[in-house]
There are 2 protein chains.
Amino acid sequence: MAVSRTEQILNSAEQQCRKQGVRMTPQRKQVMSLMLEQGGPQTAYQLLDQFKARYQSNAQPPTMYRALDFLVQQGLAHRLSSTNQYLACDHITCQHGHRGTVFLLCDQCGGVQETPMAGAAVDELQQTLDEVGFVIQREPLLEVHGRCVDCAAS
Amino acid sequence: MAVSRTEQILNSAEQQCRKQGVRMTPQRKQVMSLMLEQGGPQTAYQLLDQFKARYQSNAQPPTMYRALDFLVQQGLAHRLSSTNQYLACDHITCQHGHRGTVFLLCDQCGGVQETPMAGAAVDELQQTLDEVGFVIQREPLLEVHGRCVDCAAS
DNA sequence: CCTTGTTTTGTTATGTTATAACATTACCCA
DNA sequence: TGGGTAATGTTATAACATAACAAAACAAGG
Ligand SMILES: [Zn+2]
Ligand SMILES: [Zn+2]
Ligand SMILES: [Zn+2]
Ligand SMILES: [Zn+2]
């Protein structure tokens, strides 16, 4: 292919940012591409090490956390709070708005699979919220821990 | 009432531990009662401060983390990974096994409401897991951020 | 252009959360 | 009552995250 998947997603991400009136600076783009190339989830400090090795040897933690906060805010990346890790959203190029996302985290190999929360579950959750008058602020993320199919077999 | 709610739950918790063949030691019981009396979610270090003030002035972080790990393992407490907080399970005395739990976390007042995950959502999740062959290891916790009914009004 | 307010980045320092490692004590059971 | 296991004590440090302020880059109106 002429255009790599990474480039393709970066372009899409850049467009989304323009549409939102926010800036996809070079630094933010570099962090995003590190996440895309690794594929799996990584901690902020792992990403920082790569960023230093590759782009800016004297970078400090705030640099990475700022970039990550931005990308998470824009829905381009996710933070997995149960493992203190970050990863690129796996659904940037497809459109389905995030109304809820499920992450299947393999505790053995460290892999993550991202899937949209199914419709009925979202509706049911909304009903629960309505009953108690709770007003949601961020997209709900469900982090499910276990073994992926490969690791479960072994 | 002759027996306080805290005592009642502590007794129930003690029974559950006996049934599981694990020990509800005085230290663990003390931590549990601190959580029950506070009611809301607290960080490990907040609990440690209270524990030092009330039970053991020279206690160190591992003491608290060990007790918390135990209580979470036994299903007597929960860890909210999105806020690094711990709280007593709100469903110790009722029986319904935890197949999934939803926490509504108010970002304004800090309050938390715990509800069992509704049936259809659990089934749907199980279906997703079956499709990809993922084997679950811990009860899934969904941490939903927003505003509780009181805070949403103001 | 220039200047002025805003956003982003740089930099230092520190705060917060959690665990490793090993010593000691308590507990259980044969 | 000895010997193994589980729990606790203790010191040190690792891992995760942010406060605070300075400097630079950017955008937009004059
Ligand atoms: Zn996503
Ligand atoms: Zn795996
Ligand atoms: Zn519970
Ligand atoms: Zn509230």
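Predicted model, so just to flag it, every value in this text is computed and none were measured. Proteins come first, then strands; the chains are lettered A, B, ... in the order of their sequence lines, and each starts at number 1.
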5' priority, DNA chain C, between B/Arg66 and B/Thr83 [closest heavy atom]
B/Thr83
Assign each of B/Tyr86 and A/Val22 to its nearest nucleotide of DNA chain C by heavy atoms, then name whichever residue's nucleotide is nearer the 5' end.
A/Val22
Would you mind reading off the distance between B/Leu68 atom CG and D/dA7 atom P, rounded to a whole angstrom?
15 Å
Verify, without hydrogens or angle tests, whether A/Gln60 (side chain) and A/Asn58 (backbone) share a donor-acceptor contact under 3.5 angstrom.
yes
Pick out which of B/Ile9, B/Leu10, B/Val3 makes a side-chain contact (heavy atoms from CB on, under 4.5 Å) with B/Thr6.
B/Leu10
Donor-acceptor pair, distance only, cut-off 3.5 Å: does the side chain of B/Glu114 make one with the backbone of B/Cys89?
no
Have a look at the helix from C/dC1-D/dG30 to C/dA30-D/dT1 and give the angle its two end axes make, five pairs each, rounded to 10 degrees.
30°
Just by modelled atom types, is the B/Met35 backbone N or O under 3.5 Å from a matching donor or acceptor in the B/Glu37 side chain?
no
Distance under 4.0 Å to a non-hydrogen atom of chain B counts as contact; along DNA chain C, which nucleotides mark the start and end?
C/dT17 to C/dC27
Looking only at non-hydrogen atoms, find the nearest pair between B/Val132 and A/Val149 and report the distance.
O-CB, 3.4 Å
Spacing of B/Arg147 atom CZ and A/Phe134 atom CZ [to the nearest 0.5 Å]
9.5 Å
Single-linkage hydrophobic cluster, 4.5 Å side-chain cutoff, B/Val31 and B/Met24 together:
yes
Nucleotide D/dC26, atom P - distance to CE of A/Met24 in whole Å
16 Å
Residue pair A/Leu105 / A/Ser82: nearest heavy atoms and the distance that separates them
CD2-OG, 4.4 Å
Rounded off to whole Å, could you give me the CD-to-P distance for the A/Gln27 and D/dA24 pair?
16 Å
Minimal non-hydrogen separation, A/Met32 against A/Ala88, with atom names
CE-CB, 4.0 Å
Scan residues 33-63 of chain B against DNA chain C and write down, sorted by residue number, each residue with any heavy atom closer than 4.0 Å; if none is found, say none.
B/Thr43, B/Tyr45, B/Pro61, B/Pro62
When rounded to whole Å, the CG to C1' distance for the pair A/Asp69 and D/dC16 reads 13 Å
Just do the side-chain contact (heavy atoms from CB on, under 4.5 Å) check on B/Phe70 and B/Arg23 with the steps written out, would you?
CA-CA 10 Å; B/Phe70 172 86; B/Arg23 286 188 254 166; 6.0 Å; no
If only side-chain N and O atoms of A/Arg79 are considered, is one of them under 4.0 Å from the OP1 or OP2 phosphate oxygen of D/dA17?
yes
How close do B/Arg28 and B/Leu71 get, counting heavy atoms only, and between which atoms?
O-CD1, 4.0 Å
Any base atoms under 4.0 Å from B/Arg28, or only sugar-phosphate, or nothing? Heavy atoms, all strands.
sugar-phosphate
First of B/Thr25 and B/Asn84 reached from the 5' end of DNA chain D, by closest nucleotide:
B/Thr25
